[in-house]
Amino acid sequence: MLLNIDLQSETPIYTQLVHQIIEGIARKQLLPGEPLPSVRSMAADLGINLHTVNKAYNLLKQDGFVQINRKQGVVIHPDAFPAADEQYMLRLQEQMRPLIAEAICRGMTSEQFKEMGDQVFAQFKR
C-alpha cells in the first residue's frame, strides 16, 4: 500500500498516516496480521520525523487497529477490529457535526450530504 502524505496540508502528518492506514484496512489493502514498516523505516521512506510515525502507530494501537510488540513490531490487529459501540458512535457524531454545519453554511441539502456519504462509503465496499 502506498501512502500519500501532503506536507503542505493543514492536516497534521500523523493524522494523515492514521487515516490512510485505516483506509488501507477498510479497502482490504492491509490485512489482519500483516506487518507495517518499522517506525524508523516508515519515517525514512516518507522523509518525516520518527516521532510523527510513532505517534500515528500509538494512536492506531489505542483505537485497536494495530498491535505493537517487540518480536513482530507493528502489525494490523490479527483478531478483530473494535466494534462500533456507543462510545464510538458518540465520537463519530461529534466529528460529523462541524462537517455538517459547514455543508449547511455552503448550501448543501441533507439529501446531497447523505448521497455524498453513500458514495464515499461505496468506494470502500468495492
Side-chain angles (χ1 to χ4, degrees):
M1 180 183 139
L2 293 176
L3 297 175
N4 185 20
I5 302 301
D6 181 359
L7 300 175
Q8 304 304 314
S9 174
E10 292 181 17
T11 304
I13 295 170
Y14 72 89
T15 302
Q16 292 180 53
L17 279 173
V18 167
H19 289 170
Q20 289 194 25
I21 290 170
I22 292 172
E23 281 190 30
I25 294 168
R27 294 179 191 275
K28 308 251 187 281
Q29 295 170 331
L30 295 170
L31 302 174
E34 186 173 336
L36 292 175
S38 69
V39 170
R40 189 177 309 275
S41 175
M42 175 78 80
D45 289 348
L46 297 174
I48 59 176
N49 191 292
L50 294 168
H51 299 292
T52 302
V53 177
N54 195 43
K55 184 171 185 174
Y57 280 179
N58 281 313
L59 288 171
L60 289 164
K61 178 185 177 193
Q62 178 182 319
D63 289 340
F65 289 101
V66 301
Q67 287 182 333
I68 302 174
N69 61 52
R70 290 183 180 161
K71 205 173 192 183
Q72 293 178 303
V74 180
V75 296
I76 303 303
H77 201 292
D79 299 325
F81 296 109
D85 59 9
E86 185 177 341
Q87 183 180 357
Y88 170 76
M89 296 298 261
L90 289 171
R91 189 176 77 190
L92 181 61
Q93 190 175 38
E94 282 302 309
Q95 291 171 342
M96 290 176 61
R97 292 178 67 80
L99 295 173
I100 292 170
E102 184 175 352
I104 290 169
C105 289
R106 293 178 180 269
M108 282 183 78
T109 65
S110 174
E111 291 76 27
Q112 289 172 316
F113 192 87
K114 288 176 189 174
E115 184 179 319
M116 182 175 285
D118 287 342
Q119 290 171 356
V120 172
F121 199 91
Q123 291 173 358
F124 289 98
K125 290 298 183 180
R126 289 186 194 141

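Just so you know, residue 1 is the first one in the sequence shown, and it goes up from there. All values derive from a computational prediction rather than experimental measurement.
For R27, the CZ atom sits in a packed shell: over 12 heavy atoms of surrounding residues, nucleotides or ligands are nearer than 6.0 Å. The 12-atom threshold is not exceeded at CD of Q87, counting heavy atoms of other residues, nucleotides or ligands nearer than 6.0 Å. Within a 6.0 Å sphere centred on CZ of F124, heavy atoms belonging to other residues, nucleotides or ligands number more than 12.
Qualifying salt bridge (Lys or Arg N to Asp or Glu O under 4.0 Å) partners for E102, counting only residues two or more places apart in sequence or in other chains: R106. Evaluation of the salt bridge (Lys or Arg N to Asp or Glu O under 4.0 Å) rule for R91 yields D63 as partners, not counting sequence neighbours. S110 meets the side-chain contact (heavy atoms from CB on, under 4.5 Å) test with K114; sequence neighbours excluded.
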Please tabulate, for side-chain N and O atoms in residues 41-60, each donor-acceptor pair with protein atoms closer than 3.5 Å (sequence neighbours left out).
unit_1 : atom_1 : unit_2 : atom_2 : d
N49    : OD1    : H51    : N      : 2.7
Y57    : OH     : P37    : O      : 2.7
N58    : ND2    : N54    : O      : 3.0

Show which side-chain atoms of residues 1-8 pair as donor or acceptor with protein atoms under 3.5 Å away, not counting sequence neighbours.
unit_1 : atom_1 : unit_2 : atom_2 : d
D6     : OD1    : Q8     : N      : 2.9
D6     : OD1    : S9     : N      : 3.4

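For the pair I76/F65, no side-chain contact is recorded, criterion being any heavy-atom separation below 4.5 Å from C-beta on. Using a 4.5 Å heavy-atom threshold, the side chains of V66 and V75 count as separate. P78 is listed as a side-chain neighbour of Q67, based on a closest heavy-atom distance under 4.5 Å.
A continuous path of ILVMFWY side-chain contacts below 4.5 Å connects M96 to M89, so both sit in one hydrophobic cluster.
Taking every heavy atom of both residues into account, Q112 and M108 meet most closely at OE1-CA, 3.2 Å.
Taking CD from Q72 and CG from L36, the interatomic distance works out to 11.5 Å, rounded to the nearest 0.5 Å. Rounded to the nearest 0.5 angstrom, Q93 CD and I100 CD1 are separated by 8.5 Å.
Within the structure, no pair that satisfies the side chain to side chain donor-acceptor pair (under 3.5 Å) test touches residues 16-26, not counting sequence neighbours.
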